[in-house]
Number of protein chains: 2
Amino acid sequence: MDPLVFPRSAAAAPYLRIKQHLRDELGRGRWRPGQAMPSDAELVAQFGVSRMTVTRALNELRAEGLIERVQGVGTFAAHLGRVAAQLQIRDLHEEIVARGHAHRAVVHLAQREKASEALADRLGLASGAPVFHTLIVHLENGVPLQCEDRYVNPAAAPNYLDHDFTQITPTQVLLQEAPLREARYSIEAALPTAQEAKLLGIARGEPCLIVVRRTAGAMGPITLARLVHPGTRYLLQGEFKP
Amino acid sequence: MDPLVFPRSAAAAPYLRIKQHLRDELGRGRWRPGQAMPSDAELVAQFGVSRMTVTRALNELRAEGLIERVQGVGTFAAHLGRVAAQLQIRDLHEEIVARGHAHRAVVHLAQREKASEALADRLGLASGAPVFHTLIVHLENGVPLQCEDRYVNPAAAPNYLDHDFTQITPTQVLLQEAPLREARYSIEAALPTAQEAKLLGIARGEPCLIVVRRTAGAMGPITLARLVHPGTRYLLQGEFKP
DNA sequence: CAGTGGTCTAGACCACATA
DNA sequence: ATGTGGTCTAGACCACTGT
């Protein structure tokens with residue numbers, strides 16, 4: 001996040017020095033969560049910079065969740081009651097290729113259907129309206145890794161079914177055709193359905209990590225996907241660094 | 001030069017208007033990923049604001065991952081190849097209370113032990129060094145929701161075992177005693193161990209969502225926790241909004 | 001009222017990339 | 001040489017909170 005540039009002399013940019021100083025003191029426990037920290041004016045005096053520079057440092061620290069600022073009151077050390085982390089859900093093709101492995105997709109279904117009532121509701125369609133449906137199994141070095149059951153709003157991506165999904169993943173198609181505005185997902189552990197177990201080549205009793213993702217663009221819902229991964233073959237990882 | 005008046009009572013802040021405008025255009029697909037967007041100077045002219053204001057809007061959009069800026073080159077629409085989302089792992093107590101339910105913790109273990117070699121390695125200790133170990137089951141309205149098996153580095157939180165874990169969660173204790181600098185976690189689906197199944201009151205064949213979290217502070221590793229949740233009772237949710 | 005943060009200006013100098 | 005973004009200044013007015 002911080003560009004490692006050294007603008008004037010050999011010293012770091014003033015706003016970076018301020019950030020680092022406050023980060024250090026916070027890490028050292030200099031201020032307890034909720035406790036008042038130096039005001040803008042005090043930091044201006046202490047570091048001999050203009051207020052805009054102090055403001056920038058403090059705003060970035062706030063964006064990182066380390067401090068809280070309240071207008072008319074002051075700046076405070078954040079109470080890190082909740083640990084938030086950046087969770088990346090990368091395109092599976094990229095992920096597999098990044099590991100140096102071979103990715104293959106088997107398309108079991110790619111057709112137009114009429115939306116059930118429940119599905120129409122979640123995709124913002126009328127019940128019985130046409131909807132695109134794909135069912136694809138992704139393999140890493142020949143081993144089934146994900147069963148991707150996806151419904152797509154035809155209004156968001158009219159040409160969705162024209163693609164060869166053995167060559168390009170639905171995720172990539174949709175990112176190109178329909179700009180993303182919002183995504184919601186849930187992650188759970190459950191047993192696969194009979195069909196999913198068969199497609200993945202696993203026993204029905206084997207736990208799976210299931211990600212359900214729903215995305216929307218400027219024009220409404222885009223897609224609803226159920227991604228089923230064999231528990232023994234897949235792991236989501238994340239990291240949190242202030 | 002004319003006297004300046006800012007009609008801010010009726011209109012949103014200029015930097016917000018610029019952000020929103022660019023967000024809208026990006027969402028509309030105005031620029032393809034990687035394509036050049038207006039330069040700082042063009043936006044200054046277009047919106048009739050000073051450059052600092054444009055800079056702020058663009059820097060925040062970059063922090064949100066929507067655009068990329070390259071010194072000496074220009075500003076570009078980001079290629080959203082990866083969908084990143086903020087995943088919150090809240091303290092379980094807070095989460096349950098927020099749902100208006102009752103939280104109860106049953107402490108099955110809270111003691112000092114000697115670290116095994118594997119554990120010592122992950123906590124930055126010498127093999128056989130003392131380590132704190134707690135095993136706690138958390139219940140929501142009397143139903144077991146999480147089995148928390150946790151090891152703590154005594155150097156990071158010397159008084160860890162002095163707390164009454166039926167009254168305060170280990171997470172809260174550690175957030176108070178040891179400032180957090182970094183957290184890594186993994187999420188997977190698997191079957192519980194025999195002990196975990198018994199503690200959670202579930203069948204051994206029931207899938208569980210397992211979060212393994214490792215945190216570190218300024219002075220090194222703090223804790224290693226294995227959080228096991230019955231798949232039918234727990235769901236991780238997240239959201240991504242540019 | 002005084003003190004706080006929120007925002008903005010109209011310049012300026014710099015580092016970097018490209019031609 | 002030109003145009004780009006990166007950073008900074010020395011002010012200013014505003015909105016808000018507390019006494």
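What you see below is based on every heavy atom in this structure, not just the backbone, and it leaves out hydrogens, waters and symmetry mates. Below, chains carry the letters A, B, ... as their sequence lines are ordered, and counting in each starts from 1.
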Of all the nucleotides listed (dT7(D), dG5(C), dG5(D)), which has the minimum atom distance to the side chain of Ser39(B)?
->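 Between dT7(D), dG5(C), dG5(D), the one nearest the side chain of Ser39(B) would be dG5(D).
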
Name the closest nucleotide to the Ala13(B) side chain, picking from dT7(D), dT9(D), dT7(C).
->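 Of the options given, the side chain of Ala13(B) lies nearest dT7(C).
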
Among Glu68(B), Arg69(B), Glu42(B), Arg62(B), which residue meets the side chain to side chain contact (heavy atoms under 4.5 Å, CB included) test with Thr75(B)?
->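 Of the listed residues Glu68(B), Arg69(B), Glu42(B), Arg62(B), the side chain to side chain contact (heavy atoms under 4.5 Å, CB included) partner of Thr75(B) is Arg69(B).
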
For [X] and [N], what is the distance between atoms [atom1] and [atom2] respectively, to the nearest whole Å?
X: Ile18(A); N: dT7(D); atom1: CD1; atom2: P; value: 13 Å
X: Gln71(A); N: dC8(C); atom1: CD; atom2: P; value: 13 Å
X: Arg56(B); N: dC8(C); atom1: CZ; atom2: C1'; value: 10 Å
X: Arg62(A); N: dT4(C); atom1: CZ; atom2: C1'; value: 13 Å
X: Phe47(A); N: dT7(D); atom1: CZ; atom2: P; value: 17 Å
X: Glu68(A); N: dG6(C); atom1: CD; atom2: P; value: 12 Å
X: Arg17(B); N: dT7(C); atom1: CZ; atom2: P; value: 14 Å
X: Tyr15(B); N: dT9(C); atom1: OH; atom2: C1'; value: 16 Å

For Thr55(A), report the nucleic acid contact type (base, sugar-phosphate, nothing); a contact means any heavy atom under 4.0 Å.
->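 Base, at least one base heavy atom under 4.0 Å.
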
Between [X] and [N], is there a side-chain N or O to OP1/OP2 distance below 4.0 Å?
X: Arg69(B); N: dT4(D); result: no
X: Thr75(A); N: dG5(C); result: yes
X: Ser50(A); N: dC8(D); result: no

Looking just at side-chain N and O atoms, do Thr223(A) and Arg150(A) make a donor-acceptor pair shorter than 3.5 Å?
->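 Per modelled atom types, Thr223(A) and Arg150(A) side chains form a pair under 3.5 Å.
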
Just checking, any donor-acceptor pair under 3.5 angstrom between side chains of Glu140(B) and His103(B)?
->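 Side chains of Glu140(B) and His103(B): no pair found under 3.5 Å.
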
Toward the 5' end of DNA chain D, by each residue's nearest nucleotide, Met52(A) or Val70(B) |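 So the residue in question is Val70(B).
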
Nearest nucleotide by nearest heavy atom, which residue falls closer to the 5' end of DNA chain D, Thr53(A) or Gly72(A)?
->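 The answer here is Thr53(A).
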
Can you label the angle between the Phe47(A) ring and the His21(A) ring as parallel, tilted or perpendicular, going by 30° and 60°?
->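 Answer is perpendicular, since the angle exceeds 60°.
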
Honestly, is Arg56(B) close enough over Tyr15(B), meaning NZ or CZ under 6.0 Å from the six-membered ring centre and within 45° of the axis?
->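 Satisfied, under 6.0 Å and within 45°.
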
Quiz item: Arg51(B) side-chain donor-acceptor pair to dG6(D) base, under 3.5 Å =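 Checked by distance alone, the answer is yes.
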
